[in-house]
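Here's the structure we're looking at; comments come further down.
Quick note: numbers below take in every heavy atom, side chains included, and nothing from hydrogens, waters or symmetry partners. Counting from 1, the numbers follow the sequence of the chain as shown.
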Amino acid sequence: MGTSWWLRAVATLVALVVFAAGCGGGNTGQLETTGGAAAQFPQSGEPSAPRSGSEAAGATPGSEDYAIQPGPELEPPGGLVRCEDVPRLESSVKGNLGAGLNVDDDVMGVVLAYRQEHPESHGGLWIDRENGGAIVLAVTSDAEAHRQEIQDRLSGTDAVIDVVQVEFPIQDLSEIQGRLGQYMGPEFGLLSTAISESLNRVSLDFFDPPEGTLKMIAELVDPAAVCANVTISPEPPSGSLALIPDLSAEDPLVTCSGVPPVAYSALSNPVPIGEIDHPSAAALRTLLPESGAWELPDGDWHAIHIGADSATFAVSTPAGFGTARFERTPRDNWIIAGSGIGRPCEPVVALPDGLGRVAIRLDPDSPPAPDDTSVHLLVTEVGCASGREIGDALLGPQVIETGEAVLVAFAAISPVGPANCPGNPSTPVTVHLSQPLGRRTLNDGLHIPPKPLTVDAD
């Protein structure tokens with residue numbers, strides 16, 4: 001990797017600044033889509049990079065929320081089915097609510113009162129966002145009779161309600177959930193239980209469950225009343241750390257909060273939504289004039305990622321950088337699934353499964369000097385790691401030296417299982433150079449463009 005790469009990175013940094021001031025007119029290019037061929041879309045004329053919120057995935061360090069590292073999902077054995085394989089109950093009629101809007105309080109009061117009058121047959125209550133926001137009431141007996149009675153009570157309103165028949169009443173599911181609560185914890189790998197009303201199941205989330213655990217659960221309760229999500233810890237990659245990309249030869253995957261792993265070009269050259277012929281962009285355009293509960297900011301929205309089942313869009317505003325995520329429903333509709341706005345996003349290389357990000361800064365007690373052939377740094381795990389000392393989980397450094405800069409990268413082997421997020425301690429490390437530092441800058445090579453190191457934490 002030579003000087004030309006470093007100059008290209010600097011040029012890219014200039015291009016990124018352009019986006020902060022707004023995007024210009026369009027020229028024809030390609031937006032790579034996941035799950036199919038590349039679609040031909042007009043692209044913005046100036047290279048640009050979106051900004052979004054904080055970079056910690058899941059919970060933010062300093063909170064007491066819990067997060068786990070992603071890993072492959074296995075098909076649950078022992079008579080349990082995966083929750084994603086359970087058909088979701090849907091309304092047969094289309095609702096009249098805008099995305100994110102809720103039912104009128106008076107209408108919902110009537111529905112809640114009706115539910116309370118029939119506890120023995122109540123099987124769930126939710127809003128079917130995938131079908132226009134229809135109210136769905138689940139019952140275990142004579143759905144048609146319940147439908148007629150509640151429609152009579154709602155006569156004169158514009159409420160759209162459907163009644164579906166299910167097998168298990170909520171009171172039975174609650175009893176099952178309570179019985180399984182004693183198995184929560186690392187001994188059985190059961191992280192959480194919840195009642196999914198639109199599945200009419202108790203959903204169980206497992207992480208690295210011991211052999212035989214799921215079979216035991218299936219024998220304790222009616223397996224038809226539960227479903228399972230099972231995650232297995234990924235194996236970290238072996239060998240020397242080699243993560244710093246060569247932008248002159250590759251288009252690396254990058255990420256930041258609110259943005260899934262995407263090719264760097266998708267961030268540096270986003271596509272205005274007004275020039276995209278895709279149902280997810282059409283759904284966003286429809287939502288922007290009246291975003292309702294989502295409160296989407298005004299501005300020039302761009303596509304960051306369009307996949308087979310999800311899409312992510314972003315906008316730069318004076319208040320911060322916003323994102324909106326859409327999902328494709330089983331009925332082939334695209335609905336908003338989440339949104340947020342936060343501080344600028346600095347793209348970082350997406351790490352392989354099993355590895356977590358490590359922030360790097362200069363050691364304020366040992367600042368680098370031009371004659372130094374060793375530099376003293378402080379490294380800190382970014383993700384949720386229960387405040388552990390990083391120790392042998394630290395991988396690296398990877399060091400690349402050019403005539404203008406020194407690029408450094410570290411990573412951490414992710415903790416196994418759940419971890420809380422109180423913040424992680426910094427660890428001093430020494431990086432050895434092949435020649436004196438001179439006037440070269442020290443940079444975190446996993447940021448794109450490479451980020452100059454300072455004494456300040458991220």
Rounded distance (nearest 0.5 Å) linking atom [atom1] of [X] with atom [atom2] of [Y]:
X      : Y      : atom1 : atom2 : answer
Phe410 : Leu395 : CZ    : CG    : 10.0 Å
Leu80  : Leu204 : CG    : CG    : 7.0 Å
Met184 : Ser192 : CE    : OG    : 6.0 Å
Arg357 : His447 : CZ    : NE2   : 4.5 Å
Asp309 : Ser280 : CG    : OG    : 11.5 Å
Ile336 : Leu284 : CD1   : CG    : 7.5 Å

Does a side-chain N-to-carboxylate-O contact under 4.0 Å join Arg439 and Glu404?
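Salt bridge between Arg439 and Glu404, a charged N being under 4.0 Å from a carboxylate O: no.
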Decide, yes or no, whether a salt bridge links Glu327 with Arg325 under the criterion of side-chain N to carboxylate O below 4.0 Å.
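The answer is yes: the pair qualifies as a salt bridge.
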So Leu377 and Thr430, side-chain contact (heavy atoms from CB on, under 4.5 Å) or not? Walk me through it.
CA-CA 6 Å; Leu377 307 173; Thr430 300; over 6 Å; no
Does the side chain of [X] reach to within under 4.5 Å of the side chain of [Y], using non-hydrogen atoms?
X      : Y      : result
Ile232 : Asp208 : yes
Leu362 : Pro368 : yes
Leu89  : Leu199 : no
His376 : Pro367 : no
Val93  : Ile161 : no
Val136 : Val164 : yes
Leu446 : Ile244 : yes
His432 : Thr373 : no

Between [X] and [Y], is there a donor-acceptor pair closer than 3.5 Å when you use the side chain of the first and the backbone of the second?
X      : Y      : value
His302 : Asp300 : yes
Thr213 : Pro210 : yes
Arg361 : Leu453 : no
Arg82  : Cys227 : no
Asn443 : Thr441 : yes
Gln398 : Leu243 : yes
Asp162 : Ser92  : yes
Gln177 : Leu173 : no

For [X] and [Y], work out which heavy atoms get closest and say how close.
X      : Y      : answer
Arg328 : Ala308 : NE-O, 3.0 Å
Gly387 : Pro425 : O-CD, 3.5 Å
Tyr183 : Leu190 : O-CB, 3.5 Å
Val259 : Thr312 : CA-CG2, 4.4 Å
Arg440 : Leu433 : NH2-CD1, 4.2 Å
Asn424 : Ala385 : OD1-CB, 3.6 Å

Chi angles and distances behind the side-chain contact (heavy atoms from CB on, under 4.5 Å) call for Val382, Val358:
CA-CA 5 Å; Val382 172; Val358 172; 5.8 Å; no
Tell me, with the steps shown, if Val349 and Tyr264 meet side-chain contact (heavy atoms from CB on, under 4.5 Å).
CA-CA 9 Å; Val349 173; Tyr264 178 61; over 6 Å; no
Worked check of side-chain contact (heavy atoms from CB on, under 4.5 Å) between Val375 and Leu442
CA-CA 9 Å; Val375 293; Leu442 289 163; 3.9 Å; yes
Around atom CD of Glu187, are there more than 12 heavy atoms of other residues, nucleotides or ligands at under 6.0 Å?
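Atom CD in Glu187 is not crowded, with 12 or fewer foreign heavy atoms closer than 6.0 Å.
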Would you say Asp251 has more than 12 foreign heavy atoms packed within less than 6.0 Å of its CG?
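Count over threshold, so yes.
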Do the side-chain N and O atoms of Asp372 and Ser374 include a donor-acceptor pair separated by under 3.5 angstrom?
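Checked: Asp372/Ser374 side chains show no N/O donor-acceptor pair below 3.5 Å.
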